[in-house]
Chemist: 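Structure in structure tokens, see below.
Predicted model, so just to flag it, every value in this text is computed and none were measured. To find a chain, count down the sequence lines: A is the first, B the second, and so on, and within it residues start at 1.
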2 protein chains.
Amino acid sequence: MQRYFVEPDLFSENEITIVGDDVHHIVNVMRAKEGDEIYVSDGEGRSARAALVVLSPKEVKARVLELLEERPELPIHITIGQGLPKGEKMEWILQKGTELGAYSFLPFSSERTIVKLDAKKEAKKLERWRKIVKEAAEQSHRAVLPQLLPPSSFREVLKTAGEYTRCAIAYEKEGTTTLHQVFDELNAEDTLLVLIGPEGGFSPDEVALAEANGFLPISLGSRILRTETASQYVLACASYQFERMNDTDE
Amino acid sequence: MQRYFVEPDLFSENEITIVGDDVHHIVNVMRAKEGDEIYVSDGEGRSARAALVVLSPKEVKARVLELLEERPELPIHITIGQGLPKGEKMEWILQKGTELGAYSFLPFSSERTIVKLDAKKEAKKLERWRKIVKEAAEQSHRAVLPQLLPPSSFREVLKTAGEYTRCAIAYEKEGTTTLHQVFDELNAEDTLLVLIGPEGGFSPDEVALAEANGFLPISLGSRILRTETASQYVLACASYQFERMNDTDE
């Protein structure tokens with residue numbers, strides 16, 4: 001069944017209103033009829049199964065049949081700080097990261113970033129990227145819509161360290177912390193920021209600066225991962241570590 | 001430093017001979033000179049740092065400087081049985097799976113497979129796919145070159161169950177086993193076959209047939225993953241489970 005996200009103020013316990021592009025999707029792409037069922041989430045954790053009651057070109061209304069008791073969200077909130085990669089890799093990172101449970105994405109430029117985004121390009125990219133995140137969240141049945149923050153610089157990102165329970169930077173060196181050590185110290189609802197470099201990785205100076213700002217250098221397994229694979233590794237391991245609890249509940 | 005794979009009989013403890021496409025890469029792409037250093041693996045676990053001593057258009061010879069004590073391989077050997085996906089997704093699955101430590105790949109057609117490969121297409125695809133695996137293995141510094149088996153059918157794949165320590169099929173249903181339960185029963189050198197469906201997944205009949213052949217239905221976390229993401233989830237979790245031992249050794 002198709003899933004849609006609506007703004008929280010359009011989601012009540014009885015009725016849900018859908019506006020914007022999703023109306024076109026429901027009416028013209030899915031060719032839905034009155035009575036057809038859909039899943040709807042408010043992007044903040046509430047989800048429902050609902051039946052279509054009004055289909056107009058501007059607006060669709062659905063009656064809530066059942067509020068869903070789903071647990072599709074990772075117990076810890078992981079923000080993927082991603083050094084802007086070349087080509088279309090960022091789209092892949094956003095799509096896969098959303099499927100794998102990322103809480104938010106924070107793209108940044110650093111010393112070895114090759115891509116340059118001017119203001120106009122950036123606005124266009126952000127719009128496209130937000131659409132990719134939304135579609136991936138719908139397809140993977142997320143209850144929370146991951147936030148995509150506007151591109152920032154490495155130094156600006158370091159300044160946000162205080163907003164997270166723990167901050168880490170993917171960098172292979174002597175005495176690197178492992179993901180196990182990071183995860184073992186986190187509890188449900190904690191927030192983790194993980195910085196992943198662009199294709200060329202981080203410079204030693206950048207890593208030193210991050211460490212001075214409280215970031216832990218972490219290693220991601222025994223092989224060398226490409227920039228577009230690293231975030232998926234982190235998120236899959238977080239699911240493995242933190243969703244075990246869910247398993248034994250059942 | 002660049003890494004190359006050679007056949008085991010071209011790899012001795014003193015000298016390594018490189019033939020084929022890699023000669024072109026070393027001589028013309030990298031424009032390497034005598035004395036330049038490279039990494040070479042025999043694809044079966046031996047790796048060395050070596051210095052180029054002979055550069056000819058047909059053959060490159062390198063003197064072994066040091067045999068490497070690397071542990072880039074997952075302790076358990078995972079075969080990704082992948083239902084053939086549409087478009088270029090298989091290329092992505094092979095590239096990422098190789099980075100993340102897959103031991104071998106076994107593509108297959110099943111009930112909901114859309115792609116049809118005739119003999120000619122299949123030979124061409126296999127050649128391209130093998131090249132992608134080799135390049136990814138070089139880039140991610142693997143010591144073992146993952147094997148790519150020729151495309152098979154779902155029923156043929158089920159018949160190979162006896163060749164593995166454990167077999168699993170990715171399928172969400174009541175009472176599904178978790179990856180933790182599968183991994184907890186495996187030890188180093190054990191072999192695991194994981195079947196992942198094409199875009200439409202498996203039919204209930206296929207899952208029943210797999211179960212009758214000893215395959216465990218397993219769930220892959222709390223979200224719905226696309227076919228091209230599932231193998232990466234399995235491999236990252238295996239790294240998280242089995243490479244912890246490596247961490248504490250050091």
Side-chain angles (χ1 to χ4, degrees), chain A residues 3 70-75 89 92 95-102 136-144 172 174-181 183-184 199 218-248 250, chain B residues 3 70-75 89 92 95-102 136-144 172 174-181 183-184 199 218-248 250:
Chain A
R3 174 175 292 253
E70 295 173 319
R71 291 182 297 187
E73 297 303 321
L74 272 180
K89 286 181 195 163
W92 181 270
Q95 186 189 73
K96 297 297 152 220
T98 299
E99 276 178 63
L100 289 163
E138 286 166 359
Q139 165 135 12
S140 58
H141 290 203
R142 293 283 303 269
V144 169
E172 207 57 57
E174 283 295 311
T176 307
T177 308
T178 67
L179 260 186
H180 303 93
Q181 291 168 300
F183 287 160
D184 282 346
E199 283 85 353
I218 53 165
S219 75
L220 303 177
S222 306
R223 286 155 300 284
I224 293 171
L225 301 179
R226 294 186 202 219
T227 181
E228 73 272 20
T229 317
S231 53
Q232 293 161 61
Y233 183 90
V234 171
L235 292 162
C237 294
S239 160
Y240 193 75
Q241 166 94 8
F242 293 102
E243 293 181 338
R244 174 155 221 166
M245 298 176 282
N246 289 359
D247 303 330
T248 50
E250 283 159 7
Chain B
R3 176 176 290 255
E70 295 172 319
R71 289 182 297 186
E73 297 304 321
L74 274 179
K89 285 181 195 165
W92 181 272
Q95 188 190 72
K96 298 298 154 221
T98 299
E99 276 178 65
L100 289 162
E138 286 166 357
Q139 165 134 12
S140 59
H141 289 202
R142 292 283 304 270
V144 169
E172 208 58 56
E174 283 295 313
T176 306
T177 309
T178 67
L179 260 189
H180 302 93
Q181 291 167 300
F183 286 160
D184 282 347
E199 283 85 354
I218 54 166
S219 76
L220 303 177
S222 305
R223 285 155 301 283
I224 293 172
L225 301 180
R226 293 186 203 220
T227 181
E228 73 272 21
T229 317
S231 53
Q232 293 159 63
Y233 183 90
V234 170
L235 292 163
C237 294
S239 161
Y240 193 75
Q241 165 95 7
F242 293 102
E243 293 182 337
R244 174 156 223 164
M245 297 178 279
N246 289 358
D247 303 329
T248 50
E250 285 160 3

Chemist: Say whether, by atom type as modelled, one donor and one acceptor occur between the side chain of B:Glu73 and the main chain of B:Val144 under 3.5 angstrom.
Modeler: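 Present.
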Chemist: Which bit of B:Leu100 is near chain A, if near means a heavy-atom gap under 4.5 Å: side chain, backbone, both or neither?
Modeler: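 Its backbone and side chain both get close to chain A.
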Chemist: Contact part of A:Leu235 toward chain B, heavy-atom cut-off under 4.5 Å: side chain, backbone, both or neither?
Modeler: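 Neither; nothing under 4.5 Å.
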Chemist: Answer yes or no: is there a donor N or O on one side and an acceptor on the other, between the side chain of A:His141 and the main chain of B:Arg223, under 3.5 Å?
Modeler: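 Not confirmed, A:His141 side chain does not pair with B:Arg223 backbone.
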Chemist: Should the pair A:Glu99-B:Arg226 be classified as a salt bridge under the 4.0 Å nitrogen-to-oxygen rule?
Modeler: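 Salt bridge between A:Glu99 and B:Arg226, a charged N being under 4.0 Å from a carboxylate O: yes.
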Chemist: Check each atom of A:Gln139 against the heavy atoms of chain B and say whether the ones under 4.5 Å are side chain, backbone, both or neither.
Modeler: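 Looking at A:Gln139, backbone and side chain both touch chain B.
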Chemist: Do B:Glu199 and B:Lys89 meet the salt-bridge criterion of a basic N to acidic O distance under 4.0 Å?
Modeler: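 Salt bridge: yes.
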Chemist: For the candidates A:Glu228, A:Gln181, A:Arg142, which exhibits the highest count of non-hydrogen atom pairs separated by less than 4.5 Å from chain B?
Modeler: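 So the answer, after comparing A:Glu228, A:Gln181, A:Arg142, is A:Glu228.
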